[in-house]
> 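Provided herewith is a single structure, encoded as C-alpha coordinates, for subsequent inquiry.
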Amino acid sequence: MKTIVVLTGAGMSAESGIRTFRDHNGLWHNYRVEDVATPEAWERNPELVLDFYNERRKQVVEANPNAGHKALVQLEKRYRVKIITQNVDDLHERAGSSQVYHLHGEIRKSRSTKDPGLIFPIEGWELKWGDRCPLGSQLRPHIVWFGEAVPAFEGATQIVKEADVLIIIGTSLSVYPAASLLYYADASIPKYYIDPQATPVNDVRNLKVIQKKAGEGVPLLMEELLGE
Ligand code: OAD
(Lines give C-alpha, C1' and ligand atoms only; values in the text may rest on other atoms or scores of the structure.)
Protein backbone atom coordinates (compact mmCIF):
# COMPACT_ATOMS: atom_id res chain seq x y z
CA MET A 1 0.00 0.00 0.00
CA LYS A 2 1.35 3.42 -0.93
CA THR A 3 1.73 6.14 1.68
CA ILE A 4 0.23 9.58 1.17
CA VAL A 5 1.54 12.23 3.54
CA VAL A 6 -0.60 15.34 3.90
CA LEU A 7 0.64 18.60 5.38
CA THR A 8 -2.22 20.90 6.38
CA GLY A 9 -2.53 24.47 7.61
CA ALA A 10 -5.23 26.91 8.64
CA GLY A 11 -6.81 27.05 5.15
CA MET A 12 -7.86 23.42 5.60
CA SER A 13 -10.37 24.49 8.26
CA ALA A 14 -11.30 27.90 6.78
CA GLU A 15 -14.49 26.54 5.21
CA SER A 16 -15.44 25.13 8.62
CA GLY A 17 -15.56 28.73 9.85
CA ILE A 18 -12.19 28.83 11.62
CA ARG A 19 -10.17 31.94 10.83
CA THR A 20 -6.72 31.65 9.27
CA PHE A 21 -3.79 33.71 10.58
CA ARG A 22 -2.36 35.74 7.73
CA ASP A 23 -5.19 36.11 5.21
CA HIS A 24 -7.18 39.32 4.98
CA ASN A 25 -9.11 39.32 8.30
CA GLY A 26 -6.72 36.65 9.64
CA LEU A 27 -6.15 36.40 13.39
CA TRP A 28 -2.72 38.02 13.29
CA HIS A 29 -4.27 41.18 11.83
CA ASN A 30 -6.39 41.56 14.96
CA TYR A 31 -4.01 40.29 17.64
CA ARG A 32 -0.31 40.76 18.19
CA VAL A 33 1.51 37.42 18.39
CA GLU A 34 3.64 38.85 21.24
CA ASP A 35 0.50 39.53 23.31
CA VAL A 36 -1.16 36.12 23.08
CA ALA A 37 1.09 33.41 21.67
CA THR A 38 4.50 33.54 23.34
CA PRO A 39 5.92 32.33 26.69
CA GLU A 40 6.52 36.01 27.56
CA ALA A 41 2.83 36.81 27.00
CA TRP A 42 1.94 33.97 29.38
CA GLU A 43 4.33 35.38 32.00
CA ARG A 44 2.96 38.90 31.60
CA ASN A 45 -0.76 38.33 31.29
CA PRO A 46 -1.87 34.70 31.46
CA GLU A 47 -5.54 35.63 31.64
CA LEU A 48 -5.37 37.42 28.29
CA VAL A 49 -3.68 34.35 26.79
CA LEU A 50 -6.32 32.04 28.29
CA ASP A 51 -9.11 34.29 26.94
CA PHE A 52 -7.60 34.26 23.45
CA TYR A 53 -7.44 30.46 23.35
CA ASN A 54 -10.85 30.07 25.03
CA GLU A 55 -12.38 32.05 22.19
CA ARG A 56 -10.54 29.93 19.60
CA ARG A 57 -11.57 26.73 21.41
CA LYS A 58 -15.22 27.77 21.49
CA GLN A 59 -15.16 28.16 17.70
CA VAL A 60 -13.49 24.78 17.25
CA VAL A 61 -16.02 23.01 19.48
CA GLU A 62 -18.85 24.53 17.42
CA ALA A 63 -17.25 23.86 14.01
CA ASN A 64 -17.64 20.77 11.85
CA PRO A 65 -15.30 19.07 9.37
CA ASN A 66 -15.74 20.27 5.77
CA ALA A 67 -15.65 18.47 2.42
CA GLY A 68 -11.85 18.69 2.35
CA HIS A 69 -11.40 16.90 5.69
CA LYS A 70 -13.89 14.25 4.56
CA ALA A 71 -12.15 13.66 1.22
CA LEU A 72 -8.88 12.90 3.04
CA VAL A 73 -10.69 10.15 4.97
CA GLN A 74 -11.83 8.60 1.65
CA LEU A 75 -8.21 8.30 0.56
CA GLU A 76 -7.70 5.69 3.30
CA LYS A 77 -9.68 3.23 1.12
CA ARG A 78 -6.60 2.80 -1.05
CA TYR A 79 -3.67 4.43 0.71
CA ARG A 80 -1.96 4.64 4.04
CA VAL A 81 -2.68 8.31 4.84
CA LYS A 82 -0.64 10.22 7.41
CA ILE A 83 -1.71 13.76 8.16
CA ILE A 84 0.75 16.22 9.65
CA THR A 85 -1.15 19.32 10.66
CA GLN A 86 -0.14 22.75 11.87
CA ASN A 87 -3.74 23.16 13.01
CA VAL A 88 -4.65 22.90 16.65
CA ASP A 89 -8.27 21.97 15.94
CA ASP A 90 -9.48 18.35 15.92
CA LEU A 91 -11.42 18.44 12.65
CA HIS A 92 -9.26 15.80 10.93
CA GLU A 93 -9.93 13.40 13.80
CA ARG A 94 -13.64 14.19 13.90
CA ALA A 95 -13.89 13.65 10.12
CA GLY A 96 -12.46 10.15 10.72
CA SER A 97 -8.81 10.33 9.66
CA SER A 98 -6.91 7.64 11.55
CA GLN A 99 -3.36 9.02 11.66
CA VAL A 100 -3.07 12.69 12.60
CA TYR A 101 0.14 14.28 13.94
CA HIS A 102 -0.15 17.75 15.48
CA LEU A 103 2.91 19.94 15.06
CA HIS A 104 1.64 22.95 16.99
CA GLY A 105 -0.36 21.25 19.73
CA GLU A 106 -4.07 20.67 20.33
CA ILE A 107 -6.41 23.37 21.52
CA ARG A 108 -8.84 20.98 23.20
CA LYS A 109 -6.10 19.86 25.59
CA SER A 110 -4.34 21.50 28.53
CA ARG A 111 -0.85 20.89 29.84
CA SER A 112 0.79 21.17 33.25
CA THR A 113 3.20 24.09 33.62
CA LYS A 114 5.30 21.91 35.94
CA ASP A 115 5.52 18.71 33.92
CA PRO A 116 5.00 19.04 30.14
CA GLY A 117 4.28 15.31 29.98
CA LEU A 118 0.99 15.84 31.84
CA ILE A 119 -1.64 16.56 29.18
CA PHE A 120 -5.41 16.54 29.76
CA PRO A 121 -8.52 16.88 27.61
CA ILE A 122 -10.50 20.08 28.25
CA GLU A 123 -14.20 19.53 28.88
CA GLY A 124 -16.17 22.13 26.93
CA TRP A 125 -14.31 25.25 25.82
CA GLU A 126 -13.02 27.08 28.87
CA LEU A 127 -9.65 26.85 30.60
CA LYS A 128 -9.52 29.20 33.58
CA TRP A 129 -6.90 30.91 35.69
CA GLY A 130 -6.83 28.71 38.81
CA ASP A 131 -7.37 25.43 36.92
CA ARG A 132 -4.57 23.25 38.23
CA CYS A 133 -2.88 19.98 37.33
CA PRO A 134 -2.61 17.19 39.97
CA LEU A 135 0.85 18.56 40.91
CA GLY A 136 -0.80 21.85 41.85
CA SER A 137 0.51 24.05 39.04
CA GLN A 138 -1.57 26.16 36.66
CA LEU A 139 -2.71 24.46 33.47
CA ARG A 140 -1.82 26.16 30.17
CA PRO A 141 -3.15 25.55 26.65
CA HIS A 142 -1.44 22.58 24.97
CA ILE A 143 -0.16 24.82 22.18
CA VAL A 144 3.31 25.42 20.78
CA TRP A 145 3.91 29.16 21.14
CA PHE A 146 6.30 31.26 19.10
CA GLY A 147 9.77 30.91 20.54
CA GLU A 148 9.12 27.38 21.83
CA ALA A 149 10.54 24.13 20.49
CA VAL A 150 8.41 21.97 18.18
CA PRO A 151 8.83 18.52 19.77
CA ALA A 152 6.85 16.72 17.04
CA PHE A 153 9.05 18.06 14.24
CA GLU A 154 11.67 15.30 14.27
CA GLY A 155 9.02 12.57 14.02
CA ALA A 156 7.29 14.50 11.24
CA THR A 157 10.47 14.58 9.14
CA GLN A 158 10.62 10.76 9.32
CA ILE A 159 7.00 10.52 8.16
CA VAL A 160 7.61 12.85 5.21
CA LYS A 161 10.63 10.78 4.15
CA GLU A 162 8.34 7.71 3.81
CA ALA A 163 5.88 9.47 1.49
CA ASP A 164 5.05 8.11 -1.97
CA VAL A 165 2.82 11.14 -2.56
CA LEU A 166 2.85 14.48 -0.72
CA ILE A 167 -0.18 16.78 -0.50
CA ILE A 168 0.08 20.27 0.99
CA ILE A 169 -3.20 22.01 1.82
CA GLY A 170 -4.11 25.51 3.02
CA THR A 171 -0.86 26.83 4.38
CA SER A 172 1.14 29.95 3.58
CA LEU A 173 4.32 27.94 4.28
CA SER A 174 5.64 30.88 6.25
CA VAL A 175 6.17 29.36 9.71
CA TYR A 176 9.29 27.28 10.35
CA PRO A 177 10.21 24.57 10.98
CA ALA A 178 6.80 23.32 9.68
CA ALA A 179 7.34 24.93 6.27
CA SER A 180 10.64 23.10 5.78
CA LEU A 181 8.97 19.67 5.98
CA LEU A 182 8.35 19.43 2.24
CA TYR A 183 12.10 19.45 1.64
CA TYR A 184 12.36 16.08 3.42
CA ALA A 185 10.24 14.40 0.75
CA ASP A 186 11.96 12.41 -1.98
CA ALA A 187 12.54 14.74 -4.93
CA SER A 188 10.98 12.30 -7.40
CA ILE A 189 7.57 11.73 -5.76
CA PRO A 190 4.43 13.56 -6.97
CA LYS A 191 3.50 16.56 -4.85
CA TYR A 192 0.34 18.67 -4.84
CA TYR A 193 -0.26 22.08 -3.26
CA ILE A 194 -3.93 23.00 -2.84
CA ASP A 195 -4.49 26.60 -1.75
CA PRO A 196 -6.16 29.56 -3.52
CA GLN A 197 -2.85 31.43 -3.11
CA ALA A 198 -0.56 28.50 -3.91
CA THR A 199 2.51 29.21 -6.05
CA PRO A 200 5.44 27.01 -7.13
CA VAL A 201 7.95 26.51 -4.32
CA ASN A 202 11.66 27.11 -4.92
CA ASP A 203 13.74 23.94 -5.28
CA VAL A 204 10.73 21.60 -4.95
CA ARG A 205 10.37 19.35 -7.98
CA ASN A 206 7.22 17.61 -9.28
CA LEU A 207 4.91 20.02 -7.49
CA LYS A 208 1.48 20.54 -9.03
CA VAL A 209 -0.11 23.79 -7.89
CA ILE A 210 -3.91 23.64 -7.50
CA GLN A 211 -5.30 27.11 -6.85
CA LYS A 212 -8.56 26.06 -5.26
CA LYS A 213 -10.15 26.06 -1.83
CA ALA A 214 -9.73 22.87 0.19
CA GLY A 215 -13.46 22.07 0.03
CA GLU A 216 -13.26 21.89 -3.76
CA GLY A 217 -9.65 20.98 -4.51
CA VAL A 218 -9.25 18.08 -2.08
CA PRO A 219 -12.33 16.12 -3.29
CA LEU A 220 -11.14 16.57 -6.91
CA LEU A 221 -7.65 15.29 -6.12
CA MET A 222 -9.13 12.46 -4.04
CA GLU A 223 -11.19 11.28 -7.05
CA GLU A 224 -8.08 11.42 -9.22
CA LEU A 225 -5.92 9.46 -6.76
CA LEU A 226 -8.59 6.84 -6.09
CA GLY A 227 -9.14 6.42 -9.82
CA GLU A 228 -5.49 5.72 -10.62
P1 OAD B 1 -1.77 31.12 7.36
O2 OAD B 1 -2.87 32.00 7.87
O3 OAD B 1 -0.39 31.66 7.34
O4 OAD B 1 -2.10 30.67 5.87
C5 OAD B 1 -3.39 30.22 5.54
C6 OAD B 1 -3.38 29.73 4.12
O7 OAD B 1 -4.66 29.18 3.86
C8 OAD B 1 -3.12 30.82 3.07
O9 OAD B 1 -2.10 30.37 2.18
C10 OAD B 1 -4.48 30.94 2.37
O11 OAD B 1 -4.35 31.23 0.98
C12 OAD B 1 -5.05 29.57 2.56
N13 OAD B 1 -6.51 29.46 2.50
C14 OAD B 1 -7.46 30.35 2.87
N15 OAD B 1 -8.69 29.84 2.69
C16 OAD B 1 -8.52 28.59 2.19
C17 OAD B 1 -9.42 27.55 1.80
N18 OAD B 1 -10.73 27.68 1.89
N19 OAD B 1 -8.89 26.39 1.33
C20 OAD B 1 -7.53 26.23 1.24
N21 OAD B 1 -6.65 27.18 1.60
C22 OAD B 1 -7.14 28.35 2.06
O23 OAD B 1 -1.87 29.72 8.17
P24 OAD B 1 -0.79 28.57 8.35
O25 OAD B 1 0.09 28.45 7.17
O26 OAD B 1 -1.50 27.37 8.84
O27 OAD B 1 0.99 28.62 14.49
O28 OAD B 1 0.05 29.17 9.55
C29 OAD B 1 1.03 28.41 10.18
C30 OAD B 1 1.09 28.69 11.65
O31 OAD B 1 1.12 30.11 11.88
C32 OAD B 1 -0.12 28.24 12.44
O33 OAD B 1 -0.04 26.86 12.78
C34 OAD B 1 -0.07 29.09 13.66
C35 OAD B 1 0.25 30.41 13.01
O36 OAD B 1 0.88 31.34 13.79
C37 OAD B 1 0.90 28.74 15.82
O38 OAD B 1 -0.03 29.29 16.38
C39 OAD B 1 2.05 28.14 16.54
Side-chain angles (χ1 to χ4, degrees), residues 6-42 48-57 59-60 63-72 83-92 95 100-109 111 116 140-153 156 167-182 192-201 204 207-222:
V6 189
L7 176 62
T8 67
M12 182 82 229
S13 299
E15 289 155 272
S16 295
I18 298 177
R19 282 163 71 185
T20 62
F21 296 95
R22 295 174 185 78
D23 281 314
H24 170 72
N25 202 33
L27 281 168
W28 296 151
H29 293 291
N30 290 309
Y31 296 89
R32 283 164 22 112
V33 169
E34 311 86 68
D35 290 340
V36 294
T38 62
E40 293 77 18
W42 178 248
L48 180 70
V49 174
L50 287 169
D51 281 350
F52 174 74
Y53 285 104
N54 283 342
E55 203 181 312
R56 311 273 75 73
R57 190 175 305 107
Q59 285 171 9
V60 167
N64 290 305
N66 63 51
H69 296 103
K70 291 176 189 165
L72 292 178
I83 299 175
I84 301 170
T85 186
Q86 297 167 85
N87 298 345
V88 296
D89 66 55
D90 59 351
L91 296 179
H92 285 301
V100 185
Y101 302 86
H102 287 271
L103 279 176
H104 292 161
E106 294 173 77
I107 199 163
R108 297 186 75 174
K109 294 183 179 169
R111 191 199 314 158
R140 59 166 275 181
H142 181 43
I143 299 278
V144 175
W145 287 324
F146 283 87
E148 293 188 314
V150 182
F153 181 72
I167 307 175
I168 303 153
I169 306 167
T171 172
S172 59
L173 293 175
S174 54
V175 171
Y176 287 81
S180 65
L181 276 174
L182 57 165
Y192 303 87
Y193 183 8
I194 302 173
D195 186 307
Q197 311 283 343
T199 52
V201 181
V204 178
L207 180 73
K208 184 172 174 192
V209 169
I210 302 172
Q211 286 186 343
K212 290 188 189 299
K213 291 183 174 183
E216 186 192 353
V218 184
L220 286 172
L221 180 59
M222 178 268 288

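For ligands, and for the atoms within them, numbers begin at 1 and follow the listed sequence. Given the structure is predicted, the values throughout are model-derived calculations rather than measurements.
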> So, the side chain of H69 versus the backbone of N66: is there a donor-acceptor pair under 3.5 Å, distance only?
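Yes, because the side chain of H69 sits within donor-acceptor range (under 3.5 Å) of the backbone of N66.
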
> Is S172 touching ligand 1 with its side chain, its backbone, both, or neither, if touching means heavy atoms under 4.0 Å apart?
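It is both parts that get close, each with some atom under 4.0 Å.
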
> Quick one: which ligand 1 atoms are inside 4.0 Å of a heavy atom on F146?
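In order of numbering, the contacting atoms are 36 (O).
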
> What part of T171, side chain from CB on, backbone N/CA/C/O, both or neither, has a heavy atom under 4.0 Å from ligand 1?
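It is both parts that get close, each with some atom under 4.0 Å.
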
> Take M12 and L72 through the side-chain contact (heavy atoms from CB on, under 4.5 Å) test and state the conclusion after the steps.
CA-CA 11 Å; M12 182 82 229; L72 292 178; 4.1 Å; yes

> Who's the nearest protein heavy-atom neighbour of atom 18 (N) of ligand 1, and how far?
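Checking every protein heavy atom, the shortest distance to atom 18 (N) of ligand 1 gives E15 OE1, 2.9 Å.
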
> Under 3.5 Å between any N/O of A10 and any N/O of ligand 1: does that happen in this structure?
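Yes, at least one N or O pair falls under 3.5 Å.
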
> Look at atom 11 (O) of ligand 1 and find which of I107, T199, V88, D195 reaches it with the closest heavy atom.
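Residue with the shortest heavy-atom distance to the ligand atom: D195.
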
> Name the closest protein heavy atom to atom 15 (N) of ligand 1, giving the residue it belongs to and the distance to 0.1 Å.
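Going atom by atom, the protein heavy atom closest to atom 15 (N) of ligand 1 ends up being A14 CB, 3.7 Å.
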
> Going through the checks in order, is the side-chain contact (heavy atoms from CB on, under 4.5 Å) test met by V60 and Y53?
CA-CA 10 Å; V60 167; Y53 285 104; over 6 Å; no

> Does the N or O separation between V175 and ligand 1 drop below 3.5 Å for any pair?
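In this structure, V175 places no N or O atom under 3.5 Å from an N or O of ligand 1.
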
> Quick check on contacts: which atoms of ligand 1 are under 4.0 angstrom from a heavy atom of G9?
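Every atom of ligand 1 under 4.0 Å from some heavy atom of G9: 26 (O).
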
> Taking the side chain as C-beta and beyond, is there a heavy-atom pair between N25 and N30 under 4.5 Å?
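Counting from C-beta outward, N25 and N30 do come under 4.5 Å.
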
> Ligand 1 versus H104, non-hydrogen atoms closer than 4.0 Å: side chain, backbone, both, neither?
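Contact part for H104 vs ligand 1: side chain (C-beta onward).
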
> Considering heavy atoms of the protein only, find what lies nearest to atom 14 (C) of ligand 1 and give residue, atom and distance to 0.1 Å.
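That would be D23 OD2, 3.2 Å.
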
> For atom 29 (C) of ligand 1, which protein heavy atom lies nearest, and how many Å away is it?
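For atom 29 (C) of ligand 1, the nearest protein heavy atom comes out as Q86 OE1, 3.2 Å.
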
> Parallel under 30°, tilted from 30 to 60°, perpendicular over 60°: which one fits the rings of W145 and W42?
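Judged by the thresholds at 30° and 60°, the geometry between W145 and W42 is tilted.
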
> Decide, yes or no, whether a salt bridge links E148 with R111 under the criterion of side-chain N to carboxylate O below 4.0 Å.
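Looking at R111 together with E148, the answer is no, because their closest N to O distance does not fall below 4.0 Å.
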
> Should V36 and W28 count as side-chain neighbours, where that means a heavy-atom distance under 4.5 Å?
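The answer is yes, as the side chains (C-beta and beyond) meet within the 4.5 Å cut-off.
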
> If you measure from each non-hydrogen atom of W145 to ligand 1, which part falls under 4.0 Å: side chain, backbone, both or neither?
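The answer is neither.
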
> Going by heavy atoms in the side chains, are P141 and L50 under 4.5 Å from each other?
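The answer is yes; the side chains approach within 4.5 Å.
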
> Can you confirm, on distance only, whether ligand 1 has an N/O atom lying under 3.5 Å from any N/O atom belonging to F21?
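Yes: some nitrogen or oxygen of F21 is under 3.5 Å from one in ligand 1.
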
> Considering the heavy atoms of Q197, write down every atom of ligand 1 situated less than 4.0 Å from one of them.
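With Q197 as reference, the close atoms of ligand 1 come out as 11 (O).
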
> Under the side-chain contact (heavy atoms from CB on, under 4.5 Å) criterion, do R56 and V88 qualify, and how do the steps go?
CA-CA 10 Å; R56 311 273 75 73; V88 296; over 6 Å; no

> Does the side chain of T8 reach to within under 4.5 Å of the side chain of N87, using non-hydrogen atoms?
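Yes - at least one pair of side-chain heavy atoms lies under 4.5 Å apart.
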
> State if P196 counts as touching ligand 1 under the rule of any non-hydrogen atom under 4.0 Å.
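Yes, that is the case, since the closest heavy atom of the residue is under 4.0 Å from the ligand.
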
> Quick one: do H142 and H102 satisfy side-chain contact (heavy atoms from CB on, under 4.5 Å)? Show the steps, please.
CA-CA 11 Å; H142 181 43; H102 287 271; over 6 Å; no

> Tell me, which protein residue and heavy-atom name are nearest atom 36 (O) of ligand 1, and how many Å apart are they?
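Its nearest protein heavy-atom neighbour is W28 NE1, 2.9 Å.
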
> Got a sec, which residues hit side-chain contact (heavy atoms from CB on, under 4.5 Å) with D23, two or more places apart in sequence or on another chain?
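D23 satisfies side-chain contact (heavy atoms from CB on, under 4.5 Å) with T20 once adjacent residues are dropped.
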
> Where the side chain of T38 meets the backbone of A41, is there a donor-acceptor pair that is under 3.5 Å apart?
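Yes; judged by distance alone, with no hydrogens or angles, the pair exists.
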
> Side chain, backbone, both or neither: which applies to V144 and ligand 1 if a contact is any heavy-atom pair less than 4.0 Å apart?
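Just the backbone.
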
> Relative to the heavy atoms of G170, which atoms of ligand 1 are at a distance of less than 4.0 Å?
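What qualifies from ligand 1 is 5 (C), 6 (C), 7 (O), 20 (C), 21 (N).
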
> Looking only at protein heavy atoms, which one is nearest to atom 31 (O) of ligand 1, and what is the separation?
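Ranked first by proximity to atom 31 (O) of ligand 1 is R22 NH1, 3.1 Å.
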
> For atom 19 (N) of ligand 1, which protein heavy atom lies nearest, and how many Å away is it?
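Nearest neighbour among protein heavy atoms for atom 19 (N) of ligand 1, to 0.1 Å: A214 N, 2.8 Å.
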
> Hey, can you pull the donor-acceptor pairs under 3.5 Å for the side chains in residues 167-177, sequence neighbours left out?
residue : atom : partner : partner atom : Å
T171    : OG1  : Q86     : NE2          : 3.0
T171    : OG1  : L173    : N            : 3.1
S172    : OG   : S174    : OG           : 2.7

> Identify, for atom 13 (N) of ligand 1, the protein heavy atom at the shortest distance, and state residue, atom and that distance.
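Nearest protein contact, heavy atoms only, for atom 13 (N) of ligand 1 is G11 CA, 3.6 Å.
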
> Less than 3.5 Å between some nitrogen or oxygen of K212 and one of ligand 1, yes or no?
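For ligand 1, there is no N or O atom that lies under 3.5 Å from one belonging to K212.
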
